[in-house]
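Order of the sequence lines fixes the chain letters, A, B, ..., with proteins taken first and strands second; residue numbering starts at 1 for each chain. Since the structure is predicted, the reported quantities are computational estimates derived from the model, not experimental observations.
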Amino acid sequence: MWDYKIWTSFKRETPGIAKSLEQKLAESKFKDPSLHFKVDIGLPPPRISRSKQLEELLINLEDTKEEWLKTAGSYHIKQIADHGGIFEHLFGDAYFYPQTPLKIIYETEDEATKLPEITYESEEKTLWTLILTNPDGHFIEPNSEYIHWFVGNIPGNKVTKGEPLVEYLQPFPQKEQVIIGLFLYCTNRINTLILKSLKRRDCDMKEPIYEYDFPPPYIKPQSWFPLRQPFNLYMDKYRDPKQINKEFLLRKLKNVHPFKGSPPPLPYPNAQYFDGYVPTWLKLEIRKSRLKWGRINDIE
Amino acid sequence: MLSFKVRAQVANGLKNCRAVSASPSNSEISPIFTNRNPRNLEKLRIGYKPDGFHVDKPGKTYWHKLKIKASGRYVSAWINHFENGEVVKASTLEWAIKKQLYKPLDVSAYINLGRVLAERCVQSGILEVSCNVTPAKPDTKLALFLKAVEEGGVKLSEPEQYKPSRPWDQFRPEKPWEVVD
């Protein structure tokens, strides 16, 4: 007989209420997350900015220039040559688009005393002429050029095998002449070369120094009755400037001691008393001379 | 025509003398020296520079000015001269530049355009240009372009035109050719 007591000893909770095996295993493996957790002890991952990556993508400028000279370069060079008035001064009304780029390499950048190395592309059985000229630096005739180098009958691109008609002469900029444009042209090709700073050539000639001659300022014709004009300033405009400068110089030398030299400059030029009665126009003149304003600068 | 007058003559060292038919002695040279290069006076800071009207928006007074324009697909930059217009230009539209670019309108395109333009300017003798574009932030494309131009050796500001002082002027400003660097 089946004993009820034995049955109850085996009895468990009904499925649904009783825990499954999975739950029991999970319970037995349970670890408190507040005590057992993983910590990342490594370095932070690298952050890569796309814009920063793009900033580092630099193109090769030499390749770009080579390709440019083959494509749009000749048009651009003609544009800048026109800007410098090169075609106008060399050929008058004629112009052309340069087609053979010349590579001009000087040994050192700042010195052009020695012959440059010139390379260009050409076929072997062609003859070329190389001219280095400066249209802006003639000392005697204003509309002439100086020829710096002239090589004729160059076979192919071998410049050294050509016949030198004019030996190489290094560029000689004047003191006030900042820009030197030298133009090398091979038969009908042109190339511009701008030399920024060149050491002056040593030669037996003294270096001439020029100064720009500004046009004199316009002064309206003197009137018989200059109404509402300050008499001293108005009259000064029509006087000989040399005479005015002489007066300023005499006034200055009056205070200069022959052995001790000129007195020291006033520390506070405006804090000086005027002795006795001084008219306003003279006060202004004295103030101007103390502060070194106006015409006094011409003799200082 | 521009003319110069001989003011003084300074002796130079006597070395490596070379007889050149083109180089005259001092007695032969003319007292008036003419430089035909139209850019010479601008380099000397005495060439004419338009003043504009006093109510003009800034940016009318320049000899050379940097301009930049981006279309929907490409970006171009050029140097404008106040008389001759466009004189030096570069664009990502050009095959020479476009060939090496990934995209013709991204950050790298702007930077590389600046480098190329600066190289062309330096080789054309334009070392100072005026520029009145101001980028909104220092990390924009435009700012990086301007930075690349400056790093390429082109100064982004022009000196003022030197105007001769009249006898009745208060001050006598220093002449540009008397400044010794």
Would you give the length of the straight line joining atom [atom1] of [X] to atom [atom2] of [Y], rounded to the nearest 0.5 angstrom?
X: B:Ser124; Y: A:His76; atom1: OG; atom2: NE2; value: 10.5 Å
X: B:His81; Y: A:Gln79; atom1: NE2; atom2: CD; value: 13.0 Å
X: A:Ile219; Y: B:Arg166; atom1: CD1; atom2: CZ; value: 10.0 Å
X: B:Ser30; Y: A:Ile140; atom1: OG; atom2: CD1; value: 8.0 Å

Select, from [options], the one with the greatest count of heavy-atom pairs under 4.5 Å involving chain A.
options: B:Asp169, B:Asn112, B:Val107; answer: B:Asn112
options: B:Val87, B:Ile79, B:Asn84; answer: B:Val87
options: B:Glu83, B:Lys141, B:Lys89, B:Glu119; answer: B:Lys89

Measure across [X] and [Y] and return the closest heavy-atom pair with its distance rounded to 0.1 Å.
X: A:Tyr218; Y: B:Trp168; answer: O-CH2, 4.5 Å
X: A:Trp68; Y: B:Ala96; answer: N-CB, 3.5 Å
X: B:Pro167; Y: A:Pro217; answer: CD-CG, 4.0 Å

Is the shortest side-chain heavy-atom distance between [X] and [Y] below 4.5 Å?
X: B:Asn37; Y: A:Ile86; result: no
X: B:Thr34; Y: A:Glu141; result: no
X: A:Tyr212; Y: B:Tyr162; result: no

Using heavy-atom distances under 4.5 Å, tell me whether B:Ile97 contacts chain A through its side chain, its backbone, both, or neither.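 For B:Ile97, heavy atoms of backbone and side chain both lie under 4.5 Å from chain A.
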
With a 4.5 angstrom heavy-atom cut-off, which part of B:Tyr102 approaches chain A: side chain, backbone, both or neither?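 Side chain only.
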
Quick one: which residues of residues 56-67 of chain A reach chain B at under 4.5 angstrom, heavy atoms only?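 So the qualifying residues are A:Leu57, A:Leu58, A:Ile59, A:Asn60, A:Leu61, A:Asp63, A:Thr64, A:Lys65, A:Glu67.
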
[X] atom [atom1]: more than 12 heavy-atom contacts under 6.0 Å:
X: A:Tyr234; atom1: OH; value: yes
X: A:Lys78; atom1: NZ; value: yes
X: B:Phe53; atom1: CZ; value: no
X: B:Arg73; atom1: CZ; value: no
X: A:Tyr95; atom1: OH; value: no
X: A:Gln222; atom1: CD; value: yes

Angle between ring planes, B:His64 versus A:His83, binned at 30° and 60°: parallel, tilted or perpendicular?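 The arrangement is perpendicular - the two ring planes meet at more than 60°.
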
When you measure from the side chain of A:Asn297 to the backbone of B:Gln170, do you find a donor-acceptor pair of N or O atoms at a distance under 3.5 Å?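 Indeed, once roles are kept as given, a pair shorter than 3.5 Å links the two residues.
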
Pick from A:Lys288, A:His89, A:Glu55: which one has the most heavy-atom pairs with chain B under 4.5 Å?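 The candidate making the most pairs under 4.5 Å is A:His89.
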
Using a strict cut-off of less than 4.0 Å between a Lys/Arg side-chain nitrogen and an Asp/Glu carboxylate oxygen, indicate whether B:Arg36 and A:Glu88 qualify as a salt bridge.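 Judged by the 4.0 Å cut-off on N to carboxylate O distance, B:Arg36 and A:Glu88 do not form a salt bridge.
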
Please flag which part of A:Lys70 lies under 4.5 Å from any non-hydrogen atom of chain B: side chain, backbone, both or neither.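 Contact with chain B is absent: no heavy atom of A:Lys70 under 4.5 Å.
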
